[in-house]
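First comes the structure, then the notes that go with it.
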Amino acid sequence: MSVIEQSSSPTTNHAVDPAPWWRQAVVYQIYPRSFADANGDGLGDIPGITSKADYLQGLGIDAVWLSPFYPSELADGGYDVADYRNVDPRLGTLGDFDEMVDALHDRDIKVVVDIVPNHTSDQHAWFQEALAAGRGSAARQRYIFREGTGQDGSQPPTDWESIFGGPAWEQVADGQWYLHNFAVEQPDLNWACPEVRADFVKTLHFWSDRGVDGFRIDVAHMLTKDLTEPLPSSAELRLIPMDGQHPMVDRDDVHDVYAEWRLVFNSYDPPRTAVAEAWVDKARVPRYASPEGLGQAFNFDLLQADFDADQFENVVRENLQLARVSGSSSTWVLSNHDVTRHATRYGLPHPPREPNGLPAIKHGLEWILSGGESPELDRHSGERRARAATLFMLGLPGSSYLYQGEELGLHEVADIPDSARQDPTFFRSGGVDLGRDGCRVPLPWTESPDTAFGFGEGGSHLPQPDWFSGYAASGQDCDTGSSLSLYRRALQLRRALQTGEQLEWIDSGRADVLRFRRPNGWEVVTNFGTEPYELDRADVLVSTREVTDGTLPGESTAWLASDPV
Ligand code: BGC
């Protein structure tokens with residue numbers, strides 16, 4: 001029996017626009033420092049993005065999301081923001097930003113920017129002021145400063161560990177300690193301070209006034225904290241339930257912040273959008289995604305699933321249900337700037353696991369020796385599966401987030417020399433965790449290694465491997481069998497096919513084959529196994545491997561439609 005799943009109905013808070021653009025958008029994530037370098041200094045920049053506006057339009061995306069491009073010391077790839085209302089001079093100017101927005105808007109591409117509200121850079125004027133102003137000052141109230149423990153206060157206030165490894169407290173010259181849940185250079189802000197709240201509202205207006213269409217909210221679940229003394233030990237902290245009252249994570253009161261932001265978003269026409277990066281218990285995700293809150297939340301479940309029919313089906317069922325609860329549409333992600341690229345994940349013999357059983361998305365690069373050339377990695381199977389998973393994802397109702405370079409079928413770069421690594425997770429884990437640099441290597445635009453494979457005249461800030469040549473956009477441009485051509489075709493078809501948000505499962509007759517139907521007879525069939533699967537229809541619109549005589553090969557996806565598109 002087939003069951004029709006309605007993702008949810010479009011939000012009703014904007015009666016004039018029954019289906020806001022973001023509900024079923026394809027959003028392409030740009031990591032600006034590694035996308036395209038127009039001024040030849042080895043770092044990607046804003047004019048570089050503008051220079052690729054035609055490429056982005058040709059790809060067929062609806063929006064770009066830019067990871068931070070703000071002034072930053074780059075202690076965490078730009079997620080250590082020194083000034084929220086400016087552009088890093090190495091990446092351009094506010095004028096360049098405006099030109100980029102115009103170029104993208106002219107091509108019907110929306111612009112989403114990253115807001116990093118949990119912490120600033122230690123170079124931010126506020127933090128510098130807090131250091132100079134000393135204990136007890138109003139400037140220190142914007143951050144989380146505490147006295148140390150031990151006889152002379154030389155021990156940190158607690159034994160908490162930062163998410164990037166190592167202690168979560170750092171001592172300053174006058175003896176006080178400040179909290180940093182990430183790198184030392186990323187002091188946590190104090191969201192109980194009205195000035196902090198007011199300043200972010202100002203930032204949201206600043207970018208909205210410049211024409212930005214939406215925001216991606218970094219670490220959205222950790223802003224508010226209850227650090228009333230006595231502070232729990234890390235062992236005690238782990239035992240506190242995540243029920244909205246946890247001292248540090250996913251507190252109910254964080255939604256007061258987002259309710260205020262919603263008023264800002266809705267004061268624009270069209271309303272600005274937002275998507276939460278919130279690593280919280282599933283049952284608590286809908287609140288972030290509600291129309292009174294940020295409006296949408298990331299779901300990272302596909303990104304954590306193996307290439308497996310059962311796992312994919314469960315992820316889809318569960319997340320469409322959550323979208324029904326929030327009234328939002330779901331989001332789907334296979335790769336981003338924090339995880340090993342999915343072509344590589346799927347090419348590993350069996351995905352490395354964290355001690356908690358989750359796939360080692362941030363770790364485990366030790367598996368991929370010598371830049372993916374190791375016998376451990378089946379590069380071809382990884383690519384076949386990646387294409388199949390991508391076409392499956394693009395067939396789902398909701399919005400899909402793509403990460404720069406995945407359209408080229410790029411693998412992770414694993415063999416970056418230690419001396420060239422940049423990610424704080426590498427350093428703070430003493431090199432145990434190879435970190436996230438491998439998915440942040442500048443893109444290969446052309447086949448020749450001169451000009452850093454077309455990235456820019458000034459080389460590349462992370463070393464590019466020789467094998468990038470075979471993945472260059474230029475080589476794939478006119479090749480109808482390339483990954484790039486597949487993405488272009490799929491995105492073009494998706495625009496034509498995407499209507500309602502319903503999904504109806506169809507019994508495929510095989511445990512390793514998933515099949516579902518969307519409105520107007522659009523069908524998506526994914527063969528997760530290796531045995532070919534007989535389609536009972538011949539009207540294939542696009543497929544990741546060739547369908548001959550109605551036979552869908554293993555590790556592939558096909559889209560079918562009764563009506564010509
Ligand atoms: C971002 C990371 C960043 C961290 C701290 C995240 O979740 O995606 O890249 O390191 O927040 O800002």
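Note that these values count all heavy atoms, side chains included, but never hydrogens, waters or copies made by symmetry. When a ligand or atom number is given, it counts from 1 through the structure's own listing order. Sequence positions, counted from 1, serve as the residue numbers for this chain. The structure displayed is predicted, hence computed values, not measured ones.
If you look at Arg216 next to ligand 1, the close heavy atoms, those under 4.0 Å, all belong to the side chain. Residue Phe298 does not touch ligand 1, judged by heavy-atom distances below 4.0 Å.
Heavy-atom proximity to His119, at under 4.0 Å, picks out these atoms of ligand 1: 5 (C), 12 (O). The Arg440 neighbourhood of ligand 1 comprises atoms 9 (O), with distances under 4.0 Å to a heavy atom of that residue. With ligand atoms numbered from 1 in the order given, ligand 1 contributes 2 (C), 3 (C), 9 (O), 10 (O) to contacts under 4.0 Å with heavy atoms of Arg436. If you number the atoms of ligand 1 from 1 as listed, the ones under 4.0 Å from a heavy atom of Phe164 come out as 10 (O). Here is the list of ligand 1 atoms found below 4.0 Å of a heavy atom in Phe182: 4 (C), 5 (C). Atom numbering of ligand 1 starts at 1 in the shown order; those under 4.0 Å from a heavy atom of Val219 are 11 (O).
Under 3.5 Å, the side chains of Asp159 and Ser233 contain no donor-acceptor pair of N or O atoms. Between the side chains of Tyr28 and Glu407, a donor-acceptor pair is found at a separation under 3.5 Å.
In the candidate list Glu277, Gln186, His221, Glu277 is nearest to atom 7 (O) of ligand 1, counting heavy atoms. For the residues Val339, Asp218, Asn336, the heavy atom positioned nearest atom 11 (O) of ligand 1 is part of Asp218. For atom 3 (C) of ligand 1, the choice among Asp423, Ile217, Ile163, Asp76 with the nearest heavy atom turns out to be Asp76.
Remark: Lys225 fails to qualify as a cation-pi partner of Trp191 under the 6.0 Å distance and 45° angle criteria applied to the six-membered ring. A cation-pi arrangement, defined by a distance under 6.0 Å to the six-membered ring centre and an angle within 45 degrees of its axis, is present between Lys52 and Trp445. Stacking of Arg140 on the aromatic ring of Phe145 is recorded, both the 6.0 Å distance cut-off and the 45° axial limit being met.
Between Tyr79 and Phe182, the ring center distance fails the sub-6.0 Å criterion.
Remark: Asp37 does not engage Arg90 in a salt bridge, criterion side-chain N to carboxylate O under 4.0 Å.
Between Trp279 and ligand 1, not a single N/O pair is under 3.5 Å apart.
A heavy-atom distance below 4.5 Å is not found between the side chains of Arg272 and Val212.
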